[in-house]
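Below: one structure, written as structure tokens.
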There are 2 protein chains.
Amino acid sequence: MGRAKRKAKASTRPDIHAVAHLARVSIATVSRTINNVATVDPRLAQRVWKAIDTLGYSPNSQARALVSGRSRLLGLIISEITNPFFPELIQGFEDVAVENGYEILISSTNYEPQRMEQCIQRMLERKVDGVAVMTFGIEEPLLDRLAQREIPLVFVDVAPKGPLFSTIEVDYYHGIREAVQHLAVLGHRRIGFISGPLHLHSARERQSAFLRAIGEIGLKLNPAWLQEGDHTLEGGISVMQKLLDSGDAPTAIMTSNDMTAIGVLHALYKADARVPEDFSVIGFDDVTIAQFTLPPLTSVQMSRRELARCAVLALRDHLEPQPSSYVPRYKVQTKLTVRQSTGLPSARPFRRGNGRNGRKPAPQS
Amino acid sequence: MGRAKRKAKASTRPDIHAVAHLARVSIATVSRTINNVATVDPRLAQRVWKAIDTLGYSPNSQARALVSGRSRLLGLIISEITNPFFPELIQGFEDVAVENGYEILISSTNYEPQRMEQCIQRMLERKVDGVAVMTFGIEEPLLDRLAQREIPLVFVDVAPKGPLFSTIEVDYYHGIREAVQHLAVLGHRRIGFISGPLHLHSARERQSAFLRAIGEIGLKLNPAWLQEGDHTLEGGISVMQKLLDSGDAPTAIMTSNDMTAIGVLHALYKADARVPEDFSVIGFDDVTIAQFTLPPLTSVQMSRRELARCAVLALRDHLEPQPSSYVPRYKVQTKLTVRQSTGLPSARPFRRGNGRNGRKPAPQS
DNA sequence: AGTCATCCGGTAAACGTTTGCACCGCTCCG
DNA sequence: CGGAGCGGTGCAAACGTTTACCGGATGACT
């Protein structure tokens, strides 16, 4: 009956041999059963499953990975987890990964391009099967270095060449056009845009989508209404203040991300202006916080769960041959979520401190 | 010269044999060198390091884990990553883990206790060395089942018995007393508290810390000012509305978490009351969003980075014998962060819709 | 009935490390 | 001068899987 030497192993977790022994089959059969590969006699299979169940066996993923060369681990590189843009992305990534039998490994660059190298290094040591790079502002030279690695990589927007690389496209235009249209329908003709730092690919994309939308809808854009921000709260505050000081502020302000929009809200609050009565504000990203601002922020949303899903699927498609009928399509939409920061334009232009709403300026503590 | 069969391995990543061969030593020596275990002749060691460097070798963590039985992987179980409480915790956990040479694996329960089982399952399959359970509202029976596992576990607040378990204590009282004192110094005598759901351990802790602080500072608490919330925005809104409707609202409101406080802010905004002129509001947790509300929220902070650091260290202390001089102390402080939602109490009681600030009610969209 | 193809299950060799054990040469001491 | 002790190194056996390969049984066809 073979294998007499292992017996009464007390407290250690059961291994494949224990299962094989209990089911009176060889370990090969157990392996084939749990991987449902090739054909195993249904009666044997049943014995095996039963044995697995009674022993509470679960395969050792490291041994598996070691011999098969596939770890079923997916890497996710992000900028910084405390940036409210990312948690939802991570959640989506994890959900879809787990759905497909993968575990995930997260690493953050903290916006420092040189840390990307370490992230990749850690991922490689853990032998991930593929990596999704979802960080802001990835640089071209860095891409080339990434290209050396022999694992599938997926990016957003940017499209490096190479058979192991995939790109997820984002249709910024769709949602931004909806936003501009929304404002136009409300009656706004003076619409401003505060962009992100223009060295960022995604910021440029958003800005040009805005310009295109303005053009196609047939509005006129005063160049002074197009300002460059930096995707921070403070940036939003100072740019909005500048617009107010100019004396020729637009009646509606769109921004390249929600942080900037919240900055705008703060600036308006300080200037004693009301939203949406005096100004309409639209953010971008529809970060969780957007629901909680005062007033809740109208924002253009790119589904981060969808983005994450695409990323996982793109990697999976590299790793597991798909049926020929399957046509991958990695593209995510954007769309407008209307909340309470947008409304009809004010009848007469807002003038700072005209006191028409009688509020004293907020006290400085 | 041995090992002639491996040669010209072209594109595969170098393994320990390649290093050994290049350094003209055995693989055992290479292993001992990189783990700096036992004593290796410095000259050999140097040859080894050089070989490692020229080949760009990095050890295969799975093979390592397989034979050593230690994966250098730490599990982290949280409630939900999109809850703004967690990202900072995760960040801290990761930082300290990486500092100590560990990687982390995250899993979320989504507040469903039954999912805890799956989380643990996944962790065990990946053979984590230890797990930190940082989820809200863990149930006693679940703890007992966790106890079956043979890996170190660390918890917050709750203290299961067992040699493999550690607990991190949180000193809620310190920060909450600071908060009450802050309000008292400003002149508030009517201070209310909106608790979390009282079946949660941490919510009870916070409430009793508040009661103790009120007592020790010598204030009187009207029982109507002590309300149970549910840690959600909506809960905060409705409880605050109830307080306003009662006609005997406190002049300052403390809450058991920031979400509730933001709800309070919303309710006050709708009721046309001003913060901090009419009411002072203090949150708990000091979540990132608290900086961005209107006005920025005064809040009691428990350092989540510190909490995370304690968790990692507690696990490490279980896994790696520490020098006897080392005395572990897993306790984290709370403290008050003052922003702009607190100020002097209003001279005369606020009355809804008395129009004294002339604002029209916010339009419903 | 004999031969061949087919199918399924078992045996054993990997995968890349760590580590117990044995060995070798040196030093030190009797 | 010989033996004991020891520091340093190599050999080989694990760790728990997957999978190529082989061999035995079974059914079909001539």
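All chains are named by letter (A, B, ...) in the order of the sequence lines, taking the proteins before the strands, and each is independently numbered beginning at 1. For the numbers below, each heavy atom of this structure counts, side chains included, while hydrogens, waters and symmetry mates do not.
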Original post:
If the sugar-phosphate is the primed atoms plus P, OP1 and OP2 and the base is the rest, what is the B/S/- string for nucleotides 17-24 of chain C, using protein heavy atoms under 4.0 Å?
Top reply: BBBB----
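- Nucleotide D/dT17 holds its C1' atom 15 Å from the CZ atom of A/Arg72, rounded to whole Å.
- In this entry the distance linking CZ of A/Arg70 with P of C/dG16 reads 16 Å, nearest Å.
- Between B/Leu74 and B/Phe93, the closest side-chain pair of non-hydrogen atoms falls below 4.5 Å.
- Electrostatic pairing of A/Arg72 and A/Glu103 does not count as a salt bridge here, judged by no charged N lying under 4.0 Å from a carboxylate O.
- Interatomic distance, A/Met134 CE to A/Ile168 CD1, rounded to the nearest 0.5 Å: 4.0 Å.
- One finds no salt bridge joining B/Arg309 and B/Asp95 here, because no Lys/Arg side-chain nitrogen approaches an Asp/Glu carboxylate oxygen to under 4.0 Å.
- Every residue two or more places apart in sequence or in another chain that forms a side chain to side chain donor-acceptor pair (under 3.5 Å) with A/Arg64 is listed here: A/Asn35.
- A donor and an acceptor atom, one from each side chain of A/Tyr330 and A/Glu169, are nowhere located under 3.5 Å apart.
- Side-chain N/O atoms of A/Thr39 include one lying less than 4.0 angstrom from OP1 or OP2 on C/dC8.
- Nearest approach of A/Asn100 to A/Val96, heavy atoms of both residues: ND2-O, 2.8 Å.
- Within a heavy-atom distance below 4.0 Å of DNA chain C, the residues of residues 41-56 of chain A found are A/Asp41, A/Leu44.
- Using a cutoff of 4.0 Å between basic side-chain nitrogens and carboxylate oxygens, A/Arg122 and B/Glu94 are scored as salt-bridged.
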